**Student:** 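One structure coming up, written as structure tokens, with questions to follow.
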Number of protein chains: 2
Amino acid sequence: MADRRPTLADVAHAAGVATSTVSRAFSRPQRVNHRTRERVLAEAERLGYVPNPAAQALESGRTRTIALLVPDITNPYFSGVIKGAERGAANAGLTLVLGDTAESSAAEAQLVRRLERAVDGFVIAASRLTDDELRTAATRTPITLVNRATAGMGCVVADYDSGTHQIVDHLASYGHRSFVFVGGPAESWSGARRWQGLQAAAAERGMEVRRSGPYLPTLSGGPAAADAVLASGATAVVCHNDILAIGLMRRLAERGVSVPGEISVVGFDDVFGADFCHPTLTTLAERTEDAGRRAVELLVTQVPLRQAGGPTRVLPTQLVVRGSTGPVTSM
Amino acid sequence: MADRRPTLADVAHAAGVATSTVSRAFSRPQRVNHRTRERVLAEAERLGYVPNPAAQALESGRTRTIALLVPDITNPYFSGVIKGAERGAANAGLTLVLGDTAESSAAEAQLVRRLERAVDGFVIAASRLTDDELRTAATRTPITLVNRATAGMGCVVADYDSGTHQIVDHLASYGHRSFVFVGGPAESWSGARRWQGLQAAAAERGMEVRRSGPYLPTLSGGPAAADAVLASGATAVVCHNDILAIGLMRRLAERGVSVPGEISVVGFDDVFGADFCHPTLTTLAERTEDAGRRAVELLVTQVPLRQAGGPTRVLPTQLVVRGSTGPVTSM
DNA sequence: CAAGAAATGGCAAACGCTTGCCATGTGACC
DNA sequence: GGTCACATGGCAAGCGTTTGCCATTTCTTG
């Protein structure tokens with residue numbers, strides 16, 4: 001068997017040419033005679049030659065690898081981003097390294113340091129780093145961001161302006177005149193954007209909106225949020241994300257409050273589960289898979305050019321109306 | 001700023017030693033004088049030296065990277081495996097490359113080929129390859145398997161023997177005398193193990209069990225399965241996995257069949273969502289995160305030794321009883 | 001105090017590939 | 001026929017490490 005893997009030199013020897021010719025046969029097709037190239041490729045195929053990525057990376061400085069950093073791999077919101085990034089990387093012939101930053105900015109910074117020599121660029125989702133930290137890191141290795149806009153860097157964000165309008169319009173159509181925003185973590189960039197959008201949309205509609213929280217963006221954050229909402233007498237709530245919304249609905253059910261009969265509930269993300277919780281959840285869907293893919297594409301365009309900064313891509317959002325919202329009951 | 005990254009030679013120069021000494025200061029601490037080592041490390045720190053992984057890999061043949069291959073990144077069952085593997089890799093100071101095989105054996109084989117030069121080993125979850133293909137691949141690069149046992153290779157599997165007994169005991173305790181197994185894909189190794197276990201446990205209990213399917217292991221597989229179950233007149237069903245179970249319950253609800261009133265439903269996996277679907281789902285939980293972590297640990301022990309084969313680790317499972325199961329109603 | 005062992009550090013050769021530069025061969029053009 | 005440009009392929013110098021081997025120094029030991 002292959003006691004030793006064939007190298008460039010083996011192929012060169014077999015084809016009767018120099019290693020440089022073999023190398024160029026692969027990387028610069030037009031730099032070598034058509035017939036020579038054929039021969040080299042045939043030999044390479046016959047020997048089962050596969051280039052050694054480490055050696056390629058050493059000389060060229062390119063690893064053909066990019067890293068994706070997410071705060072929590074198991075959060076279904078990021079599953080889509082991961083899948084999209086994986087797809088995008090595969091399409092571009094790149095290998096994807098996955099890093100979990102455990103929702104910690106320290107872990108995130110450490111991971112960036114540890115990987116920056118090993119990868120050609122980063123896609124960072126929901127980064128916890130400051131704008132300055134990000135920009136500093138970006139001077140060493142290209143970075144694009146998902147769900148976080150930082151001037152001068154490539155970013156892919158969801159269109160919350162439009163999305164929050166959709167939510168507000170939907171609630172208004174059911175006769176709601178006010179609602180409560182159940183907030184997530186204070187540091188969350190997307191949380192801030194959502195709240196801004198909701199305020200603006202509500203203002204346009206002349207609706208009243210209050211904010212509650214912050215709460216944990218998890219199922220366990222639900223009970224506290226639910227109780228606060230009940231105390232407020234709201235007819236509708238918009239939650240920081242679906243998980244929180246589901247936790248909240250569960251608590252409301254325990255307390256005998258009907259959804260959407262007495263309170264309408266809207267979430268964000270359209271995560272796995274939003275269509276089979278009870279009641280099914282009206283939520284603003286983001287194309288997370290697209291976001292991951294686009295972020296990789298954006299990164300790829302940056303890498304060769306080493307251009308400073310990058311454009312921001314805004315991805316559409318869609319309101320998915322399900323069972324958790326309904327008309328106001330004037331009791 | 002750092003117009004050029006510091007190399008071993010820079011550190012060696014600054015510390016007044018040879019590059020070999022710097023290298024050893026890092027990799028073979030006892031091979032170098034304590035005081036010299038201190039000095040070297042201090043200089044390295046001061047210069048912000050980070051070793052170039054490509055160069056390390058080139059000479060040593062070790063990339064300090066492992067790959068995790070899963071059939072579908074977005075499947076919540078694998079989220080736990082991914083997280084565990086990521087944790088395990090981080091603990092071992094390894095970088096984790098993630099690959100999605102798109103539930104295709106061809107894609108899986110291709111990914112293995114593409115990555116085998118770039119990683120020190122593979123963890124493959126729910127592999128679609130044949131035993132022979134796996135063993136062949138394992139001769140070139142160490143491999144451990146999750147949820148798939150293949151003789152001569154390191155494997156981490158869930159204890160379905162015990163788990164299926166728990167399920168059957170639970171159903172029996174509610175008075176069920178028979179149940180239907182709603183099967184998933186025919187090629188699924190874990191599906192086969194589950195079915196075997198259920199049959200054995202049912203036989204011990206003197207319970208009758210039939211098999212239905214195969215069905216798609218997705219929400220959309222649920223309706224067909226539900227209708228078949230209804231036609232069978234079963235009082236209890238055990239589904240190939242939670243997603244299928246949830247899809248099935250949804251269909252039952254549409255058809256006005258009460259769960260667990262008329263039919264009890266049990267799933268496998270305890271995926272995200274099993275505790276907030278309606279009714280909440282009784283299911284056999286696997287420690288998927290542990291599985292991922294253990295698989296990496298197993299791989300790590302194999303890598304340096306290059307030992308052929310490896311042990312099989314069996315992880316416990318726990319029945320999580322929720323709302324979808326209940327006593328038989330003798331109508 | 002001599003002789004051998006251990007500790008320590010340096011030299012230089014890989015590792016497998018890319019790439020700048022040069023040599024040769026070929027055809028085009030005047 | 002001579003000059004030039006261009007196409008093609010080879011040479012060899014790295015890229016930043018690791019590591020086998022040797023030289024030197026220091027420590028033991030009898």
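FYI, side chains are in, hydrogens and waters are out, and symmetry mates aren't considered; it's all heavy atoms of this structure. Residue numbers start from 1 in every chain, and the chains themselves are labelled A, B, ... in the order their sequence lines are given, proteins ahead of strands. Keep in mind that this is a model prediction, so the values were computed, not measured.
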**Student:** Could you state the atom-to-atom distance from CD of E59(B) to C1' of dC15(D) in whole Å?
**Tutor:**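 The distance from CD of E59(B) to C1' of dC15(D) comes to 13 Å, rounded to the nearest Å.
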**Student:** Any carboxylate oxygen within less than 4.0 angstrom of a Lys/Arg side-chain nitrogen, looking at R64(B) and D120(B)?
**Tutor:** no
**Student:** To the nearest Å, how far apart are H34(B) NE2 and dG9(C) P?
**Tutor:** 12 Å
**Student:** Closest nucleotide of DNA chain C for R39(B) versus for Q56(A): which of these residues is on the 5' side?
**Tutor:**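 So the residue in question is R39(B).
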**Student:** Between atom CG in N52(B) and atom P in dC15(C), what is the gap in whole Å?
**Tutor:**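 Interatomic distance, CG of N52(B) to P of dC15(C): 19 Å.
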**Student:** Could you check how far CZ of R62(A) sits from C1' of dC17(C), rounded to whole Å?
**Tutor:** 15 Å
**Student:** Looking at every strand, decide which applies to V22(A) at a 4.0 Å heavy-atom threshold: base, sugar-phosphate, or nothing.
**Tutor:**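 Nothing, no heavy atom under 4.0 Å.
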**Student:** Just N and O in the side chain of S20(B): are any of them under 4.0 Å from OP1 or OP2 of dA12(C)?
**Tutor:** no
**Student:** So, does T19(A) get its side chain near the phosphate of dC17(C), meaning an N or O under 4.0 Å from OP1 or OP2?
**Tutor:** no
**Student:** Calculate the interatomic distance between L58(B) atom CG and dA13(C) atom C1'; express it in whole Å.
**Tutor:**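 Spelled out: CG on L58(B) to C1' on dA13(C) is 13 Å.
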**Student:** For DNA chain D, which residues of residues 26-33 of chain B approach it to below 4.0 angstrom with any heavy atom?
**Tutor:** R28(B), R31(B)
**Student:** Would you mind reading off the distance between R117(B) atom CZ and dG16(C) atom C1', rounded to a whole angstrom?
**Tutor:**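 Rounded to whole Å, this separation is 9 Å.
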**Student:** Does S23(B) make a side-chain N or O approach to OP1 or OP2 of dT17(D) shorter than 4.0 Å?
**Tutor:** no
**Student:** Side-chain N or O of T7(B) less than 4.0 angstrom from OP1 or OP2 on dC15(D)?
**Tutor:** no
**Student:** Salt bridge or not between R46(A) and E43(A)? Use side-chain N to carboxylate O under 4.0 Å.
**Tutor:** yes
**Student:** Can you find a side-chain donor-acceptor pair between T150(B) and D131(B) that sits under 3.5 Å?
**Tutor:** yes
**Student:** Could you check how far CD of E38(B) sits from C1' of dT8(C), rounded to whole Å?
**Tutor:**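 Rounded to whole Å, this separation is 16 Å.
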**Student:** Between the side chains of D132(A) and T130(A), is a donor N or O closer than 3.5 angstrom to an acceptor N or O?
**Tutor:** no
**Student:** Between atom CG in L8(A) and atom P in dG14(D), what is the gap in whole Å?
**Tutor:**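 Nearest whole value for this atom pair: 19 Å.
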**Student:** Ignoring the backbone of A55(B), work out which of dG16(D), dG10(C), dG9(D) is nearest its side chain.
**Tutor:** dG16(D)
**Student:** Between the side chains of R287(B) and D159(B), is the shortest nitrogen-to-carboxylate-oxygen separation below 4.0 Å, so that they form an ion pair?
**Tutor:** no
**Student:** Could you go through the ring-ring contact (aromatic ring centres under 6.0 Å, His included) check for Y49(B) and F26(B) one step at a time?
**Tutor:** CA-CA 12 Å; Y49(B) 167 73; F26(B) 283 101; 5.8 Å; yes
**Student:** For the pair E116(A) and R140(A), find out whether any cationic side-chain nitrogen is under 4.0 Å from an anionic carboxylate oxygen.
**Tutor:**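 A salt bridge links E116(A) with R140(A).
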